[in-house]
There are 2 protein chains.
Amino acid sequence: MAEDADPARKSIGARRNPDSAEAILVAAEAVLVEAGYAGFSIEAVARRARAGKPTIYRWWPSKAALLLEIYQRGKRVDSPDTGNIEDDLVGFLKSLFSHWRETSSGSVFRSLIAEAQSDPAAAAALAGYSKGRHSHTGQMIERAKARGEVAVDVDAALVADLIGSFAWKHLLTNRLDEDEATLRRAVRYVVQGILPQSR
Amino acid sequence: MAEDADPARKSIGARRNPDSAEAILVAAEAVLVEAGYAGFSIEAVARRARAGKPTIYRWWPSKAALLLEIYQRGKRVDSPDTGNIEDDLVGFLKSLFSHWRETSSGSVFRSLIAEAQSDPAAAAALAGYSKGRHSHTGQMIERAKARGEVAVDVDAALVADLIGSFAWKHLLTNRLDEDEATLRRAVRYVVQGILPQSR
DNA sequence: TGTGCAGAACGGCCCGTTTCGTTTCATCGC
DNA sequence: GCGATGAAACGAAACGGGCCGTTCTGCACA
């Protein structure tokens, strides 16, 4: 989706206009933030970007594809490696939630959830993204196992469930105002269950 | 929303046709199940119910209102009182999840989530419903506190978080195939944190 | 000369509303 | 009692408007 170069290019001619692609992505994000998911239409994005609809459809096959690229563009979540599983997880959650809270990513993500309920492609993309994040937190757990900090047979899905409970709250209330102490308590709650000595 | 009697009725005239209301609700559920959220339009519901669109708009101000009434109609979730907090919660979760799994309520609920991302009324209704369920599980905790089974200062929101993590999984994967053992393990995991002796 | 571009226009679906004529039914005069 | 009255709900059709996804045109550029 929207690669920088097309290796299968058949012949010469005009290349993709990067300014146009950029303008479309910026406009899409702006429309989503200002008008919400209800006002997020391809027409509106094209108007705002001063682009033609065919140009959008040429590069993004669906609204979901556009949403997903917006979400992934702004995405840069810390994945600290402090040598301590509790600090790792707290740092990761803090980064993820502030990312949802302080950028447009939160509303983009919620729009993607909505889109996934009617577009199977969006659902698949979302599932893939979720899987990737699981492997991300899974690596933290693996590192902790290698350090002997965590038993080798623990289920890393517990962390996914923890994120899920926060994500659910974010989805229902559109708020995610947990302070660090609350976050740390929740993480410790999970970590208690996977510390070797507690088993 | 769609009360049986209207105390503020100004004058005489034909009453609401209960057959029509019933047909609309049945048709709406059928459309949602067969065509999914993407195919769920007022037009489609009216066609299937052999009803006029104005009749639907007269009684349900929005798509969200219609969705919410469908969801609440089919809703009958057990709230057992076994005298044991762990059994209470496991029973409740089993009932809730089988309800999501085996009736149309699961897809109705997911559609409601999607609708809430673009319709503030749907978001408010959903938040209210969620609050009601929290007070529901909160009563279980209160009973456990009265029995001395649980410390008086525990946070009942832990149960809400537990439900949230399952709901999130259901939303992303459209599956909820937890067996009772898994459910019991999760409940025990939460209950461990609220039993007095573990504090 | 081939390609991407913006823009206009299309047929189609659904939106929410209005208008129409019909049916239902509590009320009131007889 | 009982039929006429009139308010209100009904199904059907049509409206103006928006967005859908697609096609076509003419220009810019390599």
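Labels below follow one simple rule: chain letters A, B, ... track the order of the sequence lines, proteins then strands, and each chain is numbered from 1. Everything quoted here is computed from the prediction, not taken from an experiment.
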B:Lys169 with B:Glu178: basic N within carboxylate O range, under 4.0 Å
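Result for this pair is yes, salt bridge flagged.
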
Okay, side chain of B:Arg101, backbone of B:Leu176: is any donor-acceptor separation there less than 3.5 Å?
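Side chain of B:Arg101 to backbone of B:Leu176, a donor-acceptor pair under 3.5 Å: yes, one is there.
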
Looking at A:Glu86, is its backbone amide N or carbonyl O close enough to the side chain of A:Asn84 to form a donor-acceptor pair, meaning the two atoms are under 3.5 Å apart?
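Checking the backbone N and O of A:Glu86 against the side chain of A:Asn84, a donor-acceptor pair under 3.5 Å is found.
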
For [X] and [N], what is the distance between atoms [atom1] and [atom2] respectively, to the nearest whole Å?
| X | N | atom1 | atom2 | result |
| --- | --- | --- | --- | --- |
| B:Tyr57 | C:dC14 | OH | C1' | 8 Å |
| A:Glu43 | D:dG21 | CD | P | 10 Å |
| B:Asp19 | D:dG11 | CG | P | 10 Å |
| A:Trp60 | D:dG21 | CH2 | P | 15 Å |
| B:Arg58 | D:dA12 | CZ | C1' | 13 Å |
| A:Arg47 | D:dC20 | CZ | C1' | 13 Å |
| B:Ile56 | D:dC10 | CD1 | C1' | 12 Å |
| A:Lys53 | D:dT23 | NZ | P | 13 Å |

Can you label the angle between the A:Trp100 ring and the A:Phe109 ring as parallel, tilted or perpendicular, going by 30° and 60°?
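Ring orientation, 0 to 90° scale: parallel.
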
Quick one: do the B:Glu115 and B:Tyr37 side chains pair a donor with an acceptor below 3.5 Å?
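Side chains of B:Glu115 and B:Tyr37: pair found under 3.5 Å.
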
According to a strict under-4.0 Å criterion, is [X] in side-chain N/O contact with OP1 or OP2 of [N]?
| X | N | answer |
| --- | --- | --- |
| B:Thr55 | D:dA9 | no |
| A:Trp59 | C:dG4 | no |
| B:Ser20 | D:dA9 | no |

Under the side chain to side chain donor-acceptor pair (under 3.5 Å) definition, can you give me all pairs with a residue in residues 158-168 of chain A, not counting sequence neighbours?
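Of all non-adjacent pairs touching residues 158-168 of chain A, none passes side chain to side chain donor-acceptor pair (under 3.5 Å).
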
Please list, in numerical order, the residues of residues 24-35 of chain A that have a heavy atom closer than 4.0 Å to any atom of DNA chain C.
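Contacts with DNA chain C under 4.0 Å: none.
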
Nearest to the side chain of B:Ala51 - C:dT18, C:dA8, D:dG11?
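It is D:dG11.
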
Looking at the side chain of B:Ile42, which of C:dC5, D:dC24, C:dC15 is the nearest nucleotide?
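For B:Ile42, the side-chain atoms sit closest to C:dC15.
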
Close side-chain approach of A:Ile85 to A:Arg147, heavy-atom, < 4.5 Å:
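Answer yes - side chains close enough.
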
